[in-house]
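Below is one structure, written out as structure tokens; the observations come after it.
None of the values given here were measured: they were computed from a predicted structure.
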Amino acid sequence: MAIAKMQKFSLLTFYDQKEAVLEQLQDFQGVELLSSEKYYDSEETTGVLAPVREEQSEEEMENQFGQVNWSLNFLEEYVPKKGMLAQLRQPIKKYTLQELAETAHTYPWQELCQTLRKQDKRLRLIDQEKRDVLAQEAELSIWKYFKERPAVLKELKKSGGMLGSIPTSEMADFTTNSEKLPLVYVETIYQSQTTTYLLVLFHKDVKEKVTTLLKKAAFEQYIYPYEGIPEEDLQTMKEKSQRLIDEEKEIKVALRAMTNEQEMLRIVAEYLDGAITRLKSNKMLLRSTHVVSISGWVPVDGATELEKRIKKGTTGNYYLEYQEVTEKEIADVPILLENARWIKPFEGLVRMYSLPQYDELDPTPFMAPFYMVAFGMMVADFGYGLLLFLATFLGKKLFHLSKGLEQNLTLFQLCSIPTIIWGLIYGNFFGFEFSFQLLSAQDDVNQILVLSVIFGYIQIMFGLALKFYILWKKKDQKLAAMFQAGSWIVFLISVVFVAAGMLLFPDTPLQTIGIVMIAASLLAVAIGGSLEGKTLAGKIGSGLYGLMDVTNYVGDLISYTRLMALGVAGGSIASAFNLIISYLPPAARFTVGILLFVGLHGLNIFLSYLSAYVHGIRLQYLEYFGKFFTGGGRAFAPFKSNEKYVEIISEEKLQEDNNGKLD
């Protein structure tokens with residue numbers, strides 16, 4: 001239950017074995033690569049080792065990955081997605097790096113990507129053609145009532161003819177004026193509310209007068225683009241439109257059936273992602289003519305496995321050395337938390353705040369029990385806790401979950417246990433009260449309030465004790481431990497003495513002792529604060545400013561009253577829901593009432609757990625971590641693929657899963 005002890009390593013091996021070694025390290029997933037230039041002093045490498053210039057282009061590999069990634073995004077639009085439950089029921093696929101490489105090298109993914117590009121291009125063209133055909137159909141739908149070939153108008157010798165449109169508002173005047181002209185024929189082909197479409201025939205002798213009349217009526221001539229009869233041309237367009245629709249449907253049906261192709265592309269994408277990671281790692285390596293240097297961080301416990309991997313990749317031709325972490329490297333050491341099975345789920349809460357630095361304590365095991373108790377106290381319903389336990393238990397048993405999701409479910413499963421216990425203490429079951437209660441959320445609010453403050457007092461004292469321990473371990477911080485942590489511990493104990501002397505033992509000197517201890521502890525607080533000052537005035541100011549933390553500790557203790565407030569509020573809301581349902585007539589109570597019970601309590605469960613989760617985290621981050629935890633650590637980033645689509649495991653682990661552990 002601590003931060004994994006780290007060490008640096010540097011490997012020298014033949015350059016032609018570099019790729020095999022990197023594949024072994026990537027398969028190991030237990031090292032973080034470090035720039036070899038940072039491992040060696042510059043004078044050690046000058047003229048001997050130089051940065052690696054990889055023959056295979058990283059840009060070329062990224063282009064290939066881009067093609068596969070585009071193809072996957074394209075297929076996402078068409079391949080039916082499985083429902084959330086179906087996805088969770090499906091086992092997570094596991095592959096070794098060798099299996100990924102074999103798939104990428106044997107599966108014709110380049111041809112598939114080209115095919116998908118062509119299909120995408122064709123679908124886009126079909127879409128454009130459909131829009132064009134639709135527009136043409138709209139025009140032909142207007143002129144389909146013209147039963148002759150419009151091209152015949154161009155063949156007239158002594159007459160002229162035009163198709164066109166005028167605003168409907170001008171139609172009355174145009175009709176009147178056209179009737180005054182001899183040898184003019186006007187036929188309405190189609191009329192809408194705003195526009196009238198016309199055929200105008202006239203003798204060439206009156207062409208100028210007709211042209212003037214048409215211009216006055218805002219006539220727009222229409223040039224018919226086809227040779228046939230509009231009705232027949234319209235039918236041709238509809239047939240063309242149907243062919244386009246059928247072709248589009250055929251392509252999309254084929255795309256929807258590409259489930260297997262999608263899975264294969266995901267495997268190829270995973271391989272290419274890992275290959276790109278290896279290529280990018282070349283920037284961290286150094287080489288000579290025949291030798292390459294690979295450096296990194298590895299947990300001390302992983303050194304044996306590291307050497308095993310290196311031997312496998314180099315066939316024994318290598319030189320490996322380790323370096324311990326120095327004082328000046330503390331801030332750069334990657335952090336890997338190692339906790340017991342039931343503490344590990346709480347590591348996520350710590351990461352949300354900040355990882356510890358390498359020389360700090362891992363706060364996870366010291367936070368987990370307090371968070372669990374606070375969580376349970378803020379929900380405090382036996383039924384709610386039992387429901388959460390069963391839901392998380394069944395979720396882990398019935399579904400195949402990612403590591404992160406499984407850890408989150410385990411977190412809530414663990415928190416459901418104190419919820420059940422506090423539900424028994426409060427005697428609450430979905431808002432109903434048991435016949436036995438140690439504390440009543442309705443009648444014992446003051447006692448619950450005091451209990452919440454006592455819980456906060458214990459956690460704050462524990463945080464100060466951890467601070468004292470952390471400072472005392474450092475040789476130059478023992479005075480700070482006594483005056484900056486020990487003084488506040490004495491102060492909080494003194495407050496208890498004063499309160500006990502006033503309320504429980506009024507006839508004893510306990511109150512006086514407490515007051516004297518308070519004065520002494522505050523003097524120690526001022527002295528502890530002065531240690532941070534540089535000048536005399538600075539020391540005095542820092543010491544007096546340190547006394548202001550009294551208000552912070554009072555505020556911290558008050559913050560824990562939310563344990564009472566949320567627990568009582570959730571129980572009261574649940575009781576109110578039950579009371580509302582009890583007012584319904586018997587027939588409605590056992591029909592609509594059941595639905596109301598499920599819906600209202602479902603809402604209350606969600607809000608109760610959300611509040612407990614958020615406020616429980618707040619108490620840890622602000623009131624607890626502030627006493628002893630600094631944070632700012634950098635997470636250990638193992639040299640591995642991103643595992644976006646599949647889980648990558650070593651060959652040994654795969655054989656263990658399939659056949660049991662190897663001898």
Side-chain angles (χ1 to χ4, degrees), residues 77 117-255:
E77 300 179 21
R117 286 282 186 184
K118 292 178 181 178
Q119 289 176 325
D120 176 58
K121 183 178 180 180
R122 182 55 189 152
L123 286 173
R124 293 176 185 274
L125 288 174
I126 288 174
D127 186 61
Q128 182 60 49
E129 288 180 25
K130 283 170 59 181
R131 286 198 293 269
D132 293 342
V133 169
L134 186 63
Q136 292 167 359
E137 284 185 24
E139 289 184 3
L140 290 171
S141 295
I142 293 172
W143 300 105
K144 69 180 180 180
Y145 301 105
F146 186 67
K147 301 302 181 179
E148 298 293 336
R149 290 186 306 109
V152 76
L153 298 177
K154 301 177 184 178
E155 301 171 1
L156 299 176
K157 299 188 180 299
K158 295 184 179 181
S159 300
M162 290 185 288
L163 295 174
S165 62
I166 64 172
T168 301
S169 58
E170 300 289 335
M171 189 59 189
D173 291 340
F174 175 75
T175 302
T176 301
N177 294 329
S178 64
E179 289 175 349
K180 296 178 181 178
L181 294 176
L183 305 175
V184 175
Y185 172 76
V186 177
E187 180 182 343
T188 300
I189 305 299
Y190 179 81
Q191 187 174 50
S192 69
Q193 188 173 359
T194 58
T195 307
T196 300
Y197 300 88
L198 304 172
L199 165 65
V200 180
L201 292 174
F202 52 89
H203 195 274
K204 288 187 176 181
D205 293 343
V206 294
K207 180 178 180 181
E208 291 184 3
K209 294 181 179 180
V210 171
T211 301
T212 302
L213 181 62
L214 291 173
K215 186 176 181 180
K216 182 179 178 182
F219 177 81
E220 290 186 11
Q221 186 177 3
Y222 173 69
I223 306 300
Y224 189 75
Y226 311 104
E227 294 297 325
I229 298 174
E231 187 173 12
E232 295 175 354
D233 291 337
L234 176 61
Q235 183 60 34
T236 301
M237 285 297 166
K238 288 183 176 180
E239 292 172 357
K240 182 179 180 181
S241 176
Q242 187 60 48
R243 286 195 300 272
L244 291 172
I245 292 172
D246 292 341
E247 183 183 358
E248 181 184 45
K249 182 178 179 181
E250 183 179 350
I251 294 174
K252 290 183 176 180
V253 168
L255 291 173

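Residues passing the side-chain contact (heavy atoms from CB on, under 4.5 Å) test with Glu77: none are found, sequence neighbours excluded. Residues that satisfy the side chain to side chain donor-acceptor pair (under 3.5 Å) test with Asn177, not counting sequence neighbours, are absent from this structure. Partners of Lys118 under the salt bridge (charged side-chain N to carboxylate O under 4.0 Å, His left out) rule, at least two apart in sequence or in another chain, do not exist in this structure. Scored by the salt bridge (charged side-chain N to carboxylate O under 4.0 Å, His left out) test, Glu129 finds Arg122 as partners (sequence neighbours excluded). By the side-chain contact (heavy atoms from CB on, under 4.5 Å) test, Gln193 is found to be paired with no residue, residues two or more places apart in sequence or in another chain being considered. The salt bridge (charged side-chain N to carboxylate O under 4.0 Å, His left out) test applied to Asp120 returns Arg124, not counting sequence neighbours. Residues meeting the ring pair (Phe, Tyr, Trp, His ring centres under 6.0 Å) test with Phe146, sequence neighbours left out: none. Partners of Tyr145 under the side-chain contact (heavy atoms from CB on, under 4.5 Å) rule, at least two apart in sequence or in another chain, are Ile189, Tyr190.
Note on residues 221-246: pairs passing salt bridge (Lys or Arg N to Asp or Glu O under 4.0 Å), not counting sequence neighbours, are Lys147-Glu231. For residues 160-174, the pairs satisfying side-chain hydrogen bond (donor to acceptor under 3.5 Å, both in side chains) are Thr168-Thr196, with sequence neighbours left out. Pairs passing the salt bridge (Lys or Arg N to Asp or Glu O under 4.0 Å) check and including a residue from residues 176-194, sequence neighbours excluded, do not occur.
Considering CE of Met237 and CG of Leu244, their distance stands at 10.5 Å, rounded to 0.5 Å. In this structure, NZ in Lys130 is found 11.0 Å from CD in Glu137, a value given to the nearest 0.5 Å. Rounding to the nearest 0.5 angstrom, the gap separating the CG atom in Leu163 from the OH atom in Tyr224 is 9.5 Å. Rounding to the nearest 0.5 Å gives a distance of 3.5 Å between CD of Glu247 and CD1 of Ile126. Taking CD of Glu248 as the reference point, atom CG of Asp127 lies at 7.0 Å (rounded to 0.5 Å).
The two atoms that bring Ile251 and Gln119 nearest to each other are CG2-CB, 4.2 Å, heavy atoms only. Taking every heavy atom of both residues into account, Ser241 and Val133 meet most closely at CB-CG1, 3.7 Å. Taking every heavy atom of both residues into account, Ile229 and Arg149 meet most closely at CG1-CG, 3.8 Å.
At least one side-chain heavy atom of Ser141 sits less than 4.5 Å from a side-chain heavy atom of Leu234.
Proximity of a side-chain donor or acceptor of Thr175 to a complementary backbone N or O of Met171 within less than 3.5 Å is detected.
Side chains of Gln128 and Asp132: a donor on one and an acceptor on the other come within 3.5 Å.
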Atom pairs and distances, donor-acceptor, side-chain atoms in residues 198-223, under 3.5 Å, two or more places apart:
from   : atom 1 : to     : atom 2 : distance (Å)
His203 : ND1    : Asp205 : N      : 3.1
His203 : ND1    : Asp205 : OD2    : 3.3
Lys204 : NZ     : Lys157 : O      : 2.4
Thr211 : OG1    : Lys207 : O      : 2.8
Thr212 : OG1    : Glu208 : O      : 3.0
Tyr222 : OH     : Glu139 : OE1    : 3.1

